[in-house]
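Before any comments, here is the structure.
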Amino acid sequence: MERIDQIFHRINENSNRFLGYPLAKDFDYSEFAPFLNLCINNVGDPESPSTLSIDTKDIEKEVISFFADTLESSIEDVWGYVTNGGTEGNLYGLYLARESFNDPIVYYSEATHYSVKKNLHLLGLRSIVVRSRSNGEMDYNDLESLLTLHRDKPAIFFLNIGTTMTEAVDNIDHIKEIIEKYAIKDYYIHCDAAFLGCIAPFVDPKPKFDFSEGVDSISISGHKFIGGPIPCGIVLTKRKHRNRIVNSVSYVGTLDTTITGSRNGLTPLFLWSFIKKHGKKGLIERARKSQEVAAYTENRLKEIGVYAWRNNEALTVVFDKPSVALCEKYQLASEGKIAHIICVPGIEKEEIDVFINEYEEELVGSKLEAVL
Ligand SMILES: *Cc1c(COP(=O)(O)O)cnc(C)c1O
């Protein structure tokens, strides 16, 4: 059909060109095409079978087990499920945190993803925004002074393991120091690792954020660094938190531990096939290659005289924003004066060169204009 062809071509062309979003483009899940003609539904808790046996929960549990292991724990101690994306995982973590305490306060930084504010509102949670440093990391001095005002309240720390704009990582050691210094008894740590969750465990130095650090829950996006045609994610939490909210629902004969009832059964298949094909070794190599493209991008930008920088070995290269036309053409996300390129798998050096050349022409053009 003409209309559908048009839509296909628009998406295909645009996805070949964007540089500003953390979505890997190098996937091929066509082997799962026959599943498109099936009803698949992972309704409810992944560990609890439902009366409607049209699910991929076995596969989903293997995916969760892989991530539990990657995040320095095991399926005996942590529980999780495949979500609709990072936002749902963050909502879930905050929900579990809320159910843990009476009248807690959530601390999160200015650089936090926009969806978190809405999630806090939905949950009716009290929260305080902490200032960010210029690199996007939480300002720990500001956190400390805010916390001293509410020492008597349970504290929920919402940490960024890779902020959306600059891929900054909040330092869990500093958070723990503050917890200790003020003898905060009741606290909960949630890590938003939407983008970095599939990268950080595989790079050196490794950003600290996993269960060996004592965090309570972690949210990761599946369609970002792993990539796929349908947004998805993984949320993991200590079992005790999940057990606190267990509710049995007789209608579908499963446990209502997840945010939504019906859940996607295809996305666990995609994640599982990626894990089977690539495994940890593949992810290490994938991260290394992407870091190399990011280092290349940073250097090329500097070569043409553009102010560019990265947080450590980030895949996100931050730089002075080019014209609106270029931002639109390459779909660069921008905020104020800065833009970024995120060097996800599927973006090659050749594509970076094409962009750099165009940016350079623009710069030369504007210099000429200034002279004339
Ligand atoms: C992308 C992102 C989110 C939202 O994740 P979705 O998968 O789009 O729902 C949350 N936090 C951070 C830091 C992100 O980069």
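Just so you know, ligand 1 is whichever comes first in the structure, and atom 1 is the first atom listed for that ligand.
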Report task. May I ask you to check if K25 and F18 form a cation-pi contact, with NZ or CZ under 6.0 angstrom from the six-membered ring centre and within 45° of the axis? Result -> yes
Requested in this report: Give a yes or no on whether the ring-centroid distance for H241 and Y188 is below 6.0 angstrom.
Outcome: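 Yes - the distance between ring centres of H241 and Y188 falls below the 6.0 Å cut-off.
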**Report entry** Aromatic ring proximity Y81/Y92, centre distance under 6.0 Å
**Finding:**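 So the answer is yes for these two rings.
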Query - Polar side-chain atom of S73 near backbone of A68 as donor-acceptor pair, under 3.5 Å - result: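 Not at all, since once roles are kept as given, no pair shorter than 3.5 Å links the two residues.
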Quick one: nearest non-hydrogen protein atom to [atom], plus distance?
atom                   : value
atom 8 (O) of ligand 1 : H223 NE2, 4.1 Å
atom 9 (O) of ligand 1 : T87 OG1, 2.6 Å
atom 6 (P) of ligand 1 : G86 N, 3.4 Å

Can you confirm, on distance only, whether ligand 1 has an N/O atom lying under 3.5 Å from any N/O atom belonging to [X]?
X    : answer
S221 : yes
G85  : no
K224 : yes

Query raised in the report: With a 4.0 Å cut-off, would you call E62 and K57 a salt bridge?
Result: no
Query raised in the report: Should you measure from each heavy atom of A194, which atoms of ligand 1 turn up under 4.0 Å away?
Result: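 The list of qualifying atoms is 2 (C), 3 (C), 10 (C), 11 (N), 12 (C), 14 (C), 15 (O).
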Query raised in the report: Which of the atoms of ligand 1 are close to G162, meaning less than 4.0 Å from one of its heavy atoms?
Result: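 Per the distance check, 13 (C).
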Requested in this report: Hey, can you tell me if F27 and Y29 have their rings parallel, tilted or perpendicular (30° and 60° cut-offs)?
Outcome: parallel
**Report entry** Whether Y359 and F319 hold their rings parallel, tilted or perpendicular, with breakpoints at 30° and 60°
**Finding:**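 Ring orientation, 0 to 90° scale: tilted.
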Query raised in the report: Which residue from T112, D192, L196 reaches closest to atom 11 (N) of ligand 1 through any of its heavy atoms?
Result: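 Comparing heavy atoms across T112, D192, L196, the nearest one to atom 11 (N) of ligand 1 lies in D192.
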